[in-house]
Amino acid sequence: MDDKRTRADGSYALGTTRRSILKGGLAVALAAPFVNQIVKPARAEGSGIVNISNFGGSYGDAMREIWFDPFEKETGIKVNAGPGASLALAKLQALNPAGAEWDIIDLSDGAYFTAIEQDLLAPIKGNVDLSKILPEYVGTHSWAYVAFVYVVGYNSQKIAASDAPQTWSDIWDKKRYSGKRALNNVDTEAQSIDVALMADGVPSSKVFPLNLDRAFASLDKLGRENIIWGMSLQDPVQQIGSGEAPTGGIYTGRAIMGNRQGAKIGMSLKQGIVGSDYLGVMKNSKNKKEAFELLNFIATRGDLAAKFTARTSYGIPHVDVEKLLPKEAADIRAFLPTAPELRETAMFNDAKYMAAHMDEIVKRFQEWQLS
């Protein structure tokens with residue numbers, strides 16, 4: 001592994017998040033107070049209850065089935081879960097003079113590091129056994145409990161495996177590959193800026209701070225006419241799977257699920273961009289003991305981590321997941337956080353940098369599109 005790669009407990013965070021869940025952070029923040037009027041946290045203090053705010057939907061259902069219900073049965077501690085997780089909710093909880101009502105909040109990587117800076121979270125050291133978690137995913141106040149990767153993708157019916165693109169510079173090779181390229185629109189995230197730099201020869205470990213002039217010059221080399229911008233995380237599945245864009249960027253989980261439904265999408269993990277979510281315990285939680293017991297359960301149960309990965313296609317950076325993954329989920333095995341190729345070449349975004357510069361990046365992107 002590149003020893004220069006920045007760890008999650010340093011100044012760099014693990015980057016990209018599931019835009020289908022988190023896109024429009026303001027909308028989530030505005031919705032959170034109303035959502036949480038419906039799903040009320042239990043108010044008992046230190047009484048065998050832990051309250052967790054997550055992202056709800058099918059993802060929340062998977063967390064309930066695979067993590068929360070078994071935890072309740074084994075410990076007798078009730079898990080009260082509700083949607084509406086966001087940095088805004090964490091800030092509201094920190095202001096509650098009676099203590100946080102939500103003990104744990106599921107946070108994107110950028111929100112997690114901001115929460116640490118604002119002293120909202122309790123440190124995890126000494127409270128959770130993280131010996132089975134890959135060290136590069138471990139931070140000071142939590143760990144990246146779920147990971148997802150943006151990678152080079154291609155239509156395997158149009159491009160043979162022997163000639164498949166492996167790196168972002170391959171995606172930029174217009175002589176070798178004809179047709180459009182599928183890239184994510186630059187709005188709340190900037191993977192397309194990252195990959196433009198790597199395509200231009202910038203090593204993954206040197207992508208930050210972003211050289212925007214070089215990135216947009218790289219996009220110019222590829223050519224606007226050769227790019228189809230995806231407005232959702234599902235768009236590349238359709239674009240690459242249909243052959244509309246034979247190559248481009250795609251999330252591994254989306255591609256795996258698409259392939260299970262008949263898509264023919266190949267992938268390369270080289271220069272993958274790793275993103276993740278963290279479970280943060282509020283510093284003013286009234287149920288810290290129970291909260292850390294739940295986090296310890298999640299960090300140490302490799303069998304359930306493998307089940308969660310099989311159910312959702314999202315990777316868990318637990319060292320035992322690969323060997324415990326069921327046979328029916330074999331299509332996920334090569335794309336787990338433990339994959340040697342990913343560990344050697346992955347790019348970890350600087351979430352602090354992105355939080356400070358995203359407005360500038362979006363403005364430059366919009367100006368570039370209109371130029």
Side-chain angles (χ1 to χ4, degrees), residues 1-3 5-10 12-18 21 54-55 59 62-63 66-67 104 106-113 116 121 124-125 127-151 204-205 251-254 256 267 269-281 292 294-326 329-351:
M1 187 189 306
D2 182 0
D3 59 5
R5 179 144 60 91
T6 309
R7 305 295 184 179
D9 55 358
Y12 288 84
L14 301 176
T16 339
T17 55
R18 294 185 306 280
I21 296 174
N54 57 29
F55 300 118
Y59 187 79
M63 292 193 75
I66 295 168
W67 294 119
I104 301 172
D106 200 332
L107 297 169
S108 67
D109 42 26
Y112 161 74
F113 275 82
I116 293 173
L121 305 179
I124 202 169
K125 185 176 181 180
N127 292 307
V128 177
D129 178 3
L130 296 169
S131 61
K132 292 289 188 177
I133 304 298
L134 296 177
E136 60 264 37
Y137 289 80
V138 176
T140 56
H141 291 67
S142 189
W143 79 102
Y145 82 98
V146 63
F148 26 93
V149 193
Y150 187 72
V151 298
S204 58
S205 61
Y251 277 102
T252 58
R254 295 281 176 162
I256 290 167
M267 292 175 280
L269 279 176
K270 290 181 179 177
Q271 299 181 323
I273 301 176
V274 182
S276 58
D277 284 344
Y278 293 76
L279 296 172
V281 175
F292 281 121
L294 175 57
L295 294 198
N296 192 70
F297 183 82
I298 293 173
T300 57
R301 289 296 298 270
D303 56 334
L304 297 183
K307 187 177 179 181
F308 187 85
T309 292
R311 166 79 175 270
T312 66
S313 80
Y314 293 124
I316 303 288
H318 189 289
V319 296
D320 293 333
V321 167
E322 183 177 359
K323 67 183 180 183
L324 295 174
L325 203 64
D331 52 352
I332 301 174
R333 182 170 281 106
F335 303 100
L336 293 172
T338 49
E341 190 170 54
L342 182 65
R343 297 192 72 187
E344 291 170 4
T345 68
M347 192 199 85
F348 290 74
N349 280 355
D350 185 339

Side chains of residues 316-325: which donor-acceptor partners sit under 3.5 Å, not counting sequence neighbours?
unit_1	atom_1	unit_2	atom_2	d
His318	ND1	Asp320	N	3.0
Asp320	OD1	Lys323	NZ	3.4

Query raised in the report: Quick one: side chain to side chain donor-acceptor pair (under 3.5 Å) partners of Asp303, sequence neighbours excluded?
Result: Arg301
**Report entry** Contact check, side chains of Leu107 and Leu121, non-hydrogen atoms, under 4.5 Å
**Finding:** yes
Report task. I would like to know whether Phe308 and Val146 meet side-chain contact (heavy atoms from CB on, under 4.5 Å); could you show each step before the answer? Result -> CA-CA 9 Å; Phe308 187 85; Val146 63; 4.2 Å; yes
Report summary line: Sorted by chain and residue number, the side chain to side chain donor-acceptor pair (under 3.5 Å) partners of Asp129 (sequence neighbours excluded) come out as Ser131
Query raised in the report: So, for Thr300 and Asn296, which heavy atoms are closest and what is the spacing to 0.1 Å?
Result: OG1-O, 2.7 Å
Query - Pairwise distance OH(Tyr150) to CD(Gln271) - rounded to 0.5 angstrom - result: 13.0 Å
Query raised in the report: Any side-chain heavy atom of Thr345 sitting closer than 4.5 Å to one from Leu269?
Result: no
**Report entry** Partner set under side-chain contact (heavy atoms from CB on, under 4.5 Å) for Ala334, not counting sequence neighbours
**Finding:** none
Query raised in the report: Mind checking whether Phe55 and Asp106 have side chains closer than 4.5 Å, heavy atoms only?
Result: yes
Query raised in the report: Is the closest side-chain heavy-atom distance between Tyr59 and Asn54 below 4.5 Å?
Result: no
Query - Stepwise side-chain contact (heavy atoms from CB on, under 4.5 Å) check, Tyr112 with Asp277 - result: CA-CA 8 Å; Tyr112 161 74; Asp277 284 344; over 6 Å; no
Query raised in the report: Is there side-chain contact between Tyr145 and Leu295, with heavy atoms separated by less than 4.5 Å?
Result: no
Query raised in the report: Please, which pairs that meet salt bridge (Lys or Arg N to Asp or Glu O under 4.0 Å) have at least one residue in residues 331-341, sequence neighbours excluded?
Result: Arg260-Asp331
Query raised in the report: Are Tyr278 and Tyr137 close enough that their ring centers fall under 6.0 Å?
Result: no
Query - Ile332 versus Thr309, closest heavy-atom pair with distance - result: CD1-O, 3.4 Å
Query raised in the report: Side-chain contact, heavy-atom cut-off 4.5 Å: Phe148 with Thr312?
Result: no
Query - Leu134 and Arg343: CA distance, side-chain angles, deciding distance, side-chain contact (heavy atoms from CB on, under 4.5 Å) verdict - result: CA-CA 10 Å; Leu134 296 177; Arg343 297 192 72 187; 3.6 Å; yes
Query raised in the report: Atom CZ in Phe348, atom OG in Ser204: separation rounded to 0.5 Å?
Result: 9.5 Å
Query raised in the report: Where do Ser313 and Gly253 come nearest, in terms of heavy atoms and distance?
Result: OG-CA, 3.2 Å
Query - Partners passing ring pair (Phe, Tyr, Trp, His ring centres under 6.0 Å) against Phe297 (at least two apart in sequence or in another chain) - result: Phe71
Query - Spacing of Ser142 atom OG and Asn127 atom CG [to the nearest 0.5 Å] - result: 11.0 Å
Requested in this report: Check the pair Leu279, Trp67 against side-chain contact (heavy atoms from CB on, under 4.5 Å), reporting the backbone distance first and the verdict last.
Outcome: CA-CA 13 Å; Leu279 296 172; Trp67 294 119; over 6 Å; no
